[in-house]
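The structure is given below, and queries will be raised subsequently.
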Amino acid sequence: MDVFASSLEIGEEATIINVNLEEIPLKLLEMGCLPGNKITLLQIAPFGDPLYFNVNDSHVAIRLETAKEISISKDIQ
Amino acid sequence: MSLNPIKVALIGNPNVGKTSVFNALTGLNQQVGNYPGITVEKKQGSAKLSDDVKAKIIDLPGTYSLNASSIDENVVIELLLNKNDEDFPDVAVVVTEVENLKRNLLLFTQIKDLEIPTILVINMADRMQLKGIELDISILEKELKTKIALISSRKKTGISELKNLILNFTELSTEPCLNASSIDPEYFDKLRKAFPNQLLYKLWLVITQDVNFLNLERNEIKSTFTKSHADLKRLQQKETIKRYQFINDTLKMGQKIDSSKASDIRAKIDRILTHKIFGYLIFFGILMLIFQFLFDWSSLPMEFIDETFAYFSSVAKQNLPAGEFTNLISEGIIPGIGGIVIFIPQIAFLFLFISVLEESGYMSRVVFLMDKIMRKFGLSGKSIVPLISGTACAIPAIMSARNIENWKERLITILVTPFTTCSARLPVYAILISLIIPEKRLFGFLSLQGLTLMSLYLLGFGAAIFSAYLLNKILKLNCKSYFVVEMPGYKIPMIKNVSINVLEKTRAFVSGAGQIILALSIILWYLGSHGLSNDFNNAETIISNQNQGKTISSEAFEDEVNAFKLENSYIGYVGKAIEPAIRPLGYDWKIGIAVVSSFAAREVFVGTLATIYSVGSHSDEETTIKNKMAAEVHPETGKKIFNFATGISLLLFYAFAMQCISTLAIVKKETNSWKWPIIQLVFMSGFAYLTALIAYQVLK
């Protein structure tokens with residue numbers, strides 16, 4: 001089963017495996033949201049959405065539905 | 001000897017301090033204008049490089065890459081692809097920030113591929129030690145095939161090195177950093193064969209963007225080299241990955257980060273500012289502070305300005321030879337200008353606050369905090385920026401809605417932003433509140449007048465949210481909900497940036513509004529002091545005939561003559577004609593004139609009344625606009641014109657009505673249709689009329 005960036009917990013780091021090109025804006029790709037790069041969840045806004053990530057050293061907030069289009073593999077500690 | 005200036009384009013991601021570099025290079029030698037036909041701000045300046053060489057510097061809009069997703073970003077690409085443009089740069093200066101070097105370099109590699117001489121600026125070098133970052137400049141210069149200027153615009157270091165690099169731009173390499181064509185060799189091979197004289201990367205940009213460029217019809221490339229949208233996006237992703245591979249490899253050699261030194265201050269501040277309770281408390285606390293400041297503490301300079309202009313008026317009247325020209329100056333122009341100068345303090349404070357909120361990085365946190373709530377009303381978290389800066393002026397606010405990715409959210413934001421209390425409403429509110437609300441304090445410190453003003457702001461904001469909710473239900477548009485917000489690191493705002501920004505915005509606002517007000521006040525003065533009929537020209541005779549047999553003082557006689565003249569002037573006719581429509585709202589025909597002329601711009605209200613009342617006044621004493629308004633009584637009933645019911649009705653009318661031609665024009669430009677501004681005008685003004693009507697009928 002696929003795991004998505006939306007399922008990360010605060011402070012948890014993972015590696016991006018794939019992004020759904022249809023649903024992910026190009027701007028996010030350009031910030032480094034690309035397969036192979038690291039993604040860490042930093043904060044969740046009140047009411048659970050949007051999510052605040054560190055992707056490839058860029059600090060960026062995206063909505064839950066966008067985070068659900070980024071599949072990840074959680075790093076084994 | 002003076003040579004042609006070297007043309008420099010400043011390019012960079014948002015939030016890298018590009019504007020600080022621009023300010024450091026040019027000082028106050030800058031002009032702000034617009035690109036022809038579009039409302040993107042064009043900033044230019046000149047810098048002295050040596051005794052006889054100057055540089056003309058263009059500060060291009062911030063962009064993440066050369067793949068444009070907004071008109072602001074389009075400006076960058078169109079300039080860089082068009083060698084015939086008069087602003088085409090001799091040298092490109094790409095500004096990056098030491099903490100975000102990886103991401104910032106993406107744009108740099110794209111610019112390099114265009115084979116324009118390029119200098120790399122690494123800004124905020126003063127933070128390197130704090131963040132445990134070490135750079136090997138010579139390796140980076142070699143790998144990136146460029147020259148690097150390590151600068152700190154905050155500490156003012158490295159600027160002269162940058163100037164030197166610009167001066168010697170001919171020595172820069174124009175060799176590209178990487179070969180993008182390997183993402184689809186077959187396709188690019190065909191392209192190369194079809195257009196042997198063109199730069200491959202340029203062709204690729206033309207194919208993927210909606211831009212035209214010289215010598216080459218877009219359709220010509222399109223027809224033979226079209227790919228599906230999905231294919232293109234896949235290739236763009238491949239290109240981006242390839243660029244990041246190159247950047248990562250380069251940084252591995254040229255950059256060392258000691259992560260143990262990286263402080264987590266940012267994370268700590270984030271935790272507080274986006275906290276589910278403290279986050280909102282802090283946000284509303286800041287808003288409260290701003291409004292208390294605006295009304296209570298800027299009243300001192302405002303009173304001073306008001307009195308000064310009243311004094312100027314009386315000095316002009318006493319010292320210039322009596323006649324038409326003197327009347328024009330003392331009754332038309334001086335009160336008119338006074339009407340605009342008076343709200344410079346408040347506008348400047350507003351721009352100051354907004355500028356500090358944005359520069360510090362706090363605004364992005366508010367966007368993050370508010371997105372979920374705003375979405376319930378069909379808005380985006382990013383709508384907060386237009387809604388807050390709408391308290392200064394709706395025009396830049398509506399333009400700032402551009403970075404909302406979702407069209408429906410953006411359209412709703414544009415439509416409701418004019419409800420927020422812009423600074424043009426402030427002088428109207430200020431004078432009406434001071435007339436009808438007593439100067440008392442609750443609990444000894446909360447000023448009642450300040451609270452009234454704050455409720456008017458909340459009312460405007462409420463109207464915006466409420467109509468957004470309606471629009472969200474009514475509009476049937478399906479849009480992808482894209483939402484990407486960069487969360488910049490926290491910075492203490494630089495005094496130089498903030499003050500240049502405040503100065504520039506205030507100046508533009510005052511001169512723009514000032515011209516309208518000046519023209520209108522001259523027209524109004526003329527219309528108010530001239531009339532067509534015999535009644536107007538024979539006012540003295542008619543009044544003395546009316547008063548036959550009575551003994552009245554010469555002053556009272558003069559008053560009656562002036563009032564009679566005003567009623568029979570051109571403006572009197574117009575006012576009387578619209579009186580039936582506005583009487584139910586509690587306005588007399590003089591207020592009616594002010595309301596009607598406010599449809600050009602709201603701030604005209606005070607100036608108009610000032611002009612109308614000065615025309616009718618007989619005394620040379622210096623009187624402020626406020627005193628004149630307070631003294632105005634109904635000729636028949638003897639009641640005060642500006643009583644509580646009329647005041648509230650006027651406040652509500654100004655809170656809701658769409659009275660700004662410039663805003664309508666900008667909405668037309670941003671939505672590309674007359675449909676939306678017309679809907680705005682009809683809906684807002686109709687709503688304003690209705691609420692003002694109800695309020696007056698209930699309160700009178």
Side-chain angles (χ1 to χ4, degrees), chain A residues 4-6 8-13 15-73 75 77, chain B residues 13 63-67 69-70 73 99-104 106-107 208 229-230 233-234 236-241 243-245 247-248 257 266-267 270-271 273-277 279-280 364-365 367-373 375-376 380-381 403 405 480-489:
Chain A
F4 298 102
S6 48
L8 283 170
E9 278 171 37
I10 290 182
E12 201 178 2
E13 191 187 61
T15 307
I16 300 171
I17 300 177
N18 196 16
V19 293
N20 181 352
L21 282 181
E22 287 298 306
E23 300 297 328
I24 298 273
L26 188 59
K27 196 165 137 193
L28 196 57
L29 302 181
E30 287 163 358
M31 288 180 148
C33 184
L34 294 164
N37 284 339
K38 297 271 179 218
I39 183 165
T40 313
L41 180 65
L42 298 178
Q43 291 278 332
I44 302 174
F47 311 110
D49 190 14
L51 308 175
Y52 174 4
F53 290 104
N54 178 341
V55 187
N56 190 39
D57 297 341
S58 294
H59 291 72
V60 58
I62 55 176
R63 286 181 183 164
L64 194 63
E65 55 200 71
T66 311
K68 284 182 178 157
E69 306 294 342
I70 304 169
S71 37
I72 52 162
S73 89
D75 298 352
Q77 303 279 315
Chain B
N13 289 179
T63 177
Y64 287 101
S65 81
L66 289 184
N67 299 313
S69 54
S70 70
E73 294 178 353
E99 279 177 74
N100 284 310
L101 203 50
K102 197 196 277 180
R103 171 163 52 78
N104 296 162
L106 180 80
L107 178 65
T208 48
H229 182 74
K233 205 167 170 192
R234 197 159 302 128
Q236 281 180 319
Q237 189 198 11
K238 257 183 142 178
E239 182 200 331
T240 312
I241 293 176
R243 289 187 189 281
Y244 271 120
Q245 272 167 0
I247 292 164
N248 284 337
I257 300 181
R266 175 200 190 117
D270 272 341
R271 222 165 293 147
L273 291 185
T274 63
H275 188 270
K276 58 188 169 201
I277 296 163
Y280 295 109
S364 303
R365 273 69 189 183
V367 168
F368 178 66
L369 205 59
M370 299 298 285
D371 184 59
K372 187 77 188 267
I373 302 171
R375 244 188 297 167
K376 291 212 163 54
S380 153
N403 62 7
E405 298 91 342
K480 277 188 185 163
S481 146
Y482 285 159
F483 176 85
V484 180
V485 188
E486 198 201 346
M487 309 286 261

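The figures here come from the full heavy-atom set of this structure, side chains too, leaving out hydrogens, waters and symmetry mates. The sequence lines fix the lettering, A, B, ..., with proteins before strands; numbering per chain opens at 1.
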**Request:** May I ask you to say whether Arg63(A) pairs ionically with Asp49(A), meaning some side-chain N is under 4.0 Å from a carboxylate O?
**Result:** no
**Message:** For Asp270(B), which atoms come within 4.5 Å of any heavy atom of chain A: side chain, backbone, both, or neither?
**Reply:** both
**Message:** Distance alone, cut at 3.5 Å: any donor-acceptor contact between the side chains of Arg365(B) and Thr274(B)?
**Reply:** no
**Item:** Portion of Ser380(B) that has a non-hydrogen atom of chain A nearer than 4.5 angstrom
**Value:** both
**Tyr280(B) (side chain) donor-acceptor with Leu369(B) (main chain) under 3.5 angstrom** =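 Yes.
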**Prompt:** Given that the side chain runs from C-beta out, which part of Phe368(B) has a heavy atom under 4.5 Å from chain A: side chain, backbone, both or neither?
**Reply:**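 Looking at Phe368(B), backbone and side chain both touch chain A.
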**Message:** Please classify the contact of Leu106(B) with chain A as side chain, backbone, both or neither, using a heavy-atom distance under 4.5 Å.
**Reply:**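 Looking at Leu106(B), just its side chain touches chain A.
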**Message:** Salt bridge check, Arg375(B) against Glu65(A): does any charged N sit closer than 4.0 Å to a carboxylate O?
**Reply:**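 Judged by the 4.0 Å cut-off on N to carboxylate O distance, Glu65(A) and Arg375(B) do form a salt bridge.
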**Prompt:** Using non-hydrogen atoms only, which part of Arg243(B) is less than 4.5 Å away from chain A: side chain, backbone, both, or neither?
**Reply:**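 The answer is neither part of Arg243(B).
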**Prompt:** Between Asn37(A) and Thr15(A), does a side chain to side chain contact (heavy atoms under 4.5 Å, CB included) hold up when you go through it step by step?
**Reply:** CA-CA 6 Å; Asn37(A) 284 339; Thr15(A) 307; over 6 Å; no
**Partner chain B: residue of Asp57(A), Val19(A), Asn56(A) with the largest heavy-atom pair count (under 4.5 Å)** = Asn56(A)
**Request:** Identify which of Glu99(B), Lys102(B), Gln236(B), Lys276(B) forms the greatest number of heavy-atom pairs closer than 4.5 Å to chain A.
**Result:**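 It is Lys102(B).
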**Which atoms of Leu101(B) approach chain A - backbone, side chain, both or neither, heavy atom under 4.5 Å** = neither
**Message:** Is Leu42(A) close to chain B through its backbone or its side chain, or both, or neither, when contacts mean heavy atoms under 4.5 Å?
**Reply:** neither
**Message:** So for Ile24(A), is it side chain, backbone, both, or neither that comes closer than 4.5 Å to the heavy atoms of chain B?
**Reply:** backbone
**Item:** By salt bridge (Lys or Arg N to Asp or Glu O under 4.0 Å) - contacts of Glu405(B) (at least two apart)
**Value:**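 Checked Glu405(B) against salt bridge (Lys or Arg N to Asp or Glu O under 4.0 Å); matches are Lys27(A), Lys382(B).
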**Request:** Could you walk me through whether Lys38(A) and Glu12(A) pass the salt bridge (Lys or Arg N to Asp or Glu O under 4.0 Å) test, one step at a time?
**Result:** CA-CA 11 Å; Lys38(A) 297 271 179 218; Glu12(A) 201 178 2; over 6 Å; no
